[in-house]
Protein chains: 2
Amino acid sequence: MFIRIDLNSEETLYSQLSNQIKYGIAKGYLKPGEDLPSVRGLASELGINLHTVAKAYNRLKEEGIININRSRGVKVSKQVLTNRGTDYETILHGKITKLVSEGICHGIEKDEFMQMVEKIFDGLEGEQK
Amino acid sequence: MFIRIDLNSEETLYSQLSNQIKYGIAKGYLKPGEDLPSVRGLASELGINLHTVAKAYNRLKEEGIININRSRGVKVSKQVLTNRGTDYETILHGKITKLVSEGICHGIEKDEFMQMVEKIFDGLEGEQK
DNA sequence: ATACTGTTATATAAGTAATATAACAAGTAT
DNA sequence: ATACTTGTTATATTACTTATATAACAGTAT
């Protein structure tokens, strides 16, 4: 697994986990339909509690990014990367607005921000397939 | 004041507050050097506790966005919009990476994302001066 | 003096995060 | 059939965060 947990981070463990799984999917480390480790498996691999993993998985499920089946386990959604939630644009708009506002407060200019976004996209989107 | 607090939001009150102040600065509602309301004043205007406002203000101070003076009150930093913290790019890079990863998982494409960022920037940056 | 600033100190209530155990229900493997 | 694996549910505990409430303090104005 590519996941690394930082016990000293401000970010909660389950949030680190779900964010890194999103990153893994975007980067292509995890393909649509692919299996994810069991809650117990991943928990023991990372040295954390199974409920913490379960919580991360359930957040991702609510976002439609993974599917959980009581006895078949956890898989990356087959529709991930193509199917978008109905109101995700609104959510994303709010999140970008926050980030751009903060950036402006720190003297980041539009061109710089856009170049950063472009670079990050190129670093991720290439690798999928 | 342009600030609106949502008591039912997932986001904490002090986080809503500091984010909306960042937005206000980016949008030009608040100019560099301008006074912000006193902790008691803003707290009573919003119907929340003065310590909650103080916490939001202190986060913004740690980010270098505002200045707090024990008896002169709170002002928007004069260097805001121009002076950037040393390692802010790194922080921003991480935040954008998270957001782009999530976007990709929801089927958002690069062009769409970039257009969203551009529109948001244009909606904010114009109004300052 | 009075009134205003942010700050500090204390206390309390409610919620969240993370852990630990144990048991359950449904499928798979041998 | 038995054993094992899956996520889920339940209970409990510890620690931390959020938000509130009062009160007092230390400057700085008028």
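What you see below is based on every heavy atom in this structure, not just the backbone, and it leaves out hydrogens, waters and symmetry mates.
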Enquirer: One thing to verify: whether B:Lys110 and A:Glu125 come together as a salt bridge, which I'm taking to mean a side-chain N less than 4.0 angstrom from a carboxylate O.
Expert: no
Enquirer: Using the side-chain heavy atoms of A:Ser71, tell me which of these nucleotides is nearest: C:dG27, C:dT19, C:dG6.
Expert: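 Nearest to the side-chain atoms of A:Ser71, counting from C-beta on, is C:dG27.
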Enquirer: Hey, which of these two, A:Arg40 or A:Lys55, hits DNA chain C nearer its 5' end, going by closest nucleotide?
Expert: A:Lys55
Enquirer: Could you check whether B:Glu109 pairs with A:Arg84 (Lys NZ or Arg NE/NH1/NH2 to Asp/Glu carboxylate O, under 4.0 Å)?
Expert: no
Enquirer: Any side-chain heavy atom of A:Leu42 sitting closer than 4.5 Å to one from A:Leu36?
Expert: no
Enquirer: I'd like to know if the side chain of B:Glu102 pairs up with that of A:Asn19 as donor and acceptor (distance under 3.5 Å, no hydrogens or angles considered).
Expert: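 There is no such pair between these side chains.
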Enquirer: Output the rounded distance in Å from NE2 (B:His51) to P (C:dG6).
Expert: 12 Å
Enquirer: Once Watson-Crick and G-U wobble pairs under 3.5 Å are found, how is DNA chain D written in dot-bracket notation, 5' to 3', with | for any base paired to another strand?
Expert: |||||.|||||||||||||||||||.||||
Enquirer: Taking atom P of C:dA17 as reference, at what distance in whole Å does atom CG of A:Asn58 sit?
Expert: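 A:Asn58 atom CG is separated from C:dA17 atom P by 13 Å.
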Enquirer: Rounding to a whole Å, what distance do you find between A:Leu17:CG and C:dA18:C1'?
Expert: 13 Å
Enquirer: Once you apply a heavy-atom cut-off of 4.0 Å, does B:Asn67 come out as touching a base, just sugar-phosphate, or nothing?
Expert: nothing
Enquirer: Do A:Lys98 side-chain atoms and B:Tyr23 backbone N/O form a donor-acceptor pair below 3.5 Å?
Expert: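 It does not hold such a pair.
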Enquirer: How many whole angstroms separate atom CD of B:Glu10 from atom C1' of C:dA14?
Expert: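 Distance, rounded to whole Å: 16 Å.
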Enquirer: Consider only side-chain N and O atoms of B:His106 and A:Glu89, and report whether a donor and an acceptor are under 3.5 Å apart.
Expert: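 There is no such pair (donor and acceptor under 3.5 Å, judged by atom type) between the side chains of B:His106 and A:Glu89.
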Enquirer: Is the backbone of B:Thr12 close enough, under 3.5 Å, to the side chain of B:Ser15 for a donor and an acceptor to pair up by distance?
Expert: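 Between the backbone of B:Thr12 and the side chain of B:Ser15 there is no qualifying donor-acceptor contact (under 3.5 Å).
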Enquirer: Between A:Ser77 and A:Gln79, is there a side-chain donor-acceptor contact under 3.5 Å, judged purely by atom types and distance?
Expert: yes
Enquirer: Using a cut-off of 4.0 Å on non-hydrogen atoms, how would the nucleic acid contact of B:Asp35 be classed: base, sugar-phosphate, or nothing?
Expert: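 Answer is nothing: B:Asp35 stays at 4.0 Å or more from every strand.
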Enquirer: Decide, yes or no, whether a salt bridge links A:Lys78 with A:Glu34 under the criterion of side-chain N to carboxylate O below 4.0 Å.
Expert: no
Enquirer: With a non-hydrogen cut-off below 4.0 angstrom, is A:Tyr14 in contact with a base, only sugar-phosphate, or nothing?
Expert: sugar-phosphate
Enquirer: Between A:Arg70 and B:Ala54, which has a closest nucleotide on DNA chain C that is more 5'?
Expert: B:Ala54
Enquirer: Below 4.0 Å from chain A heavy atoms, what is the first contacting nucleotide of DNA chain D and what is the last?
Expert: D:dT6 to D:dA10
Enquirer: Do any side-chain nitrogens or oxygens of B:Ser38 fall under 4.0 Å of OP1 or OP2 in C:dT5?
Expert: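 Checking B:Ser38 against C:dT5: at least one side-chain N or O falls below 4.0 Å of OP1 or OP2.
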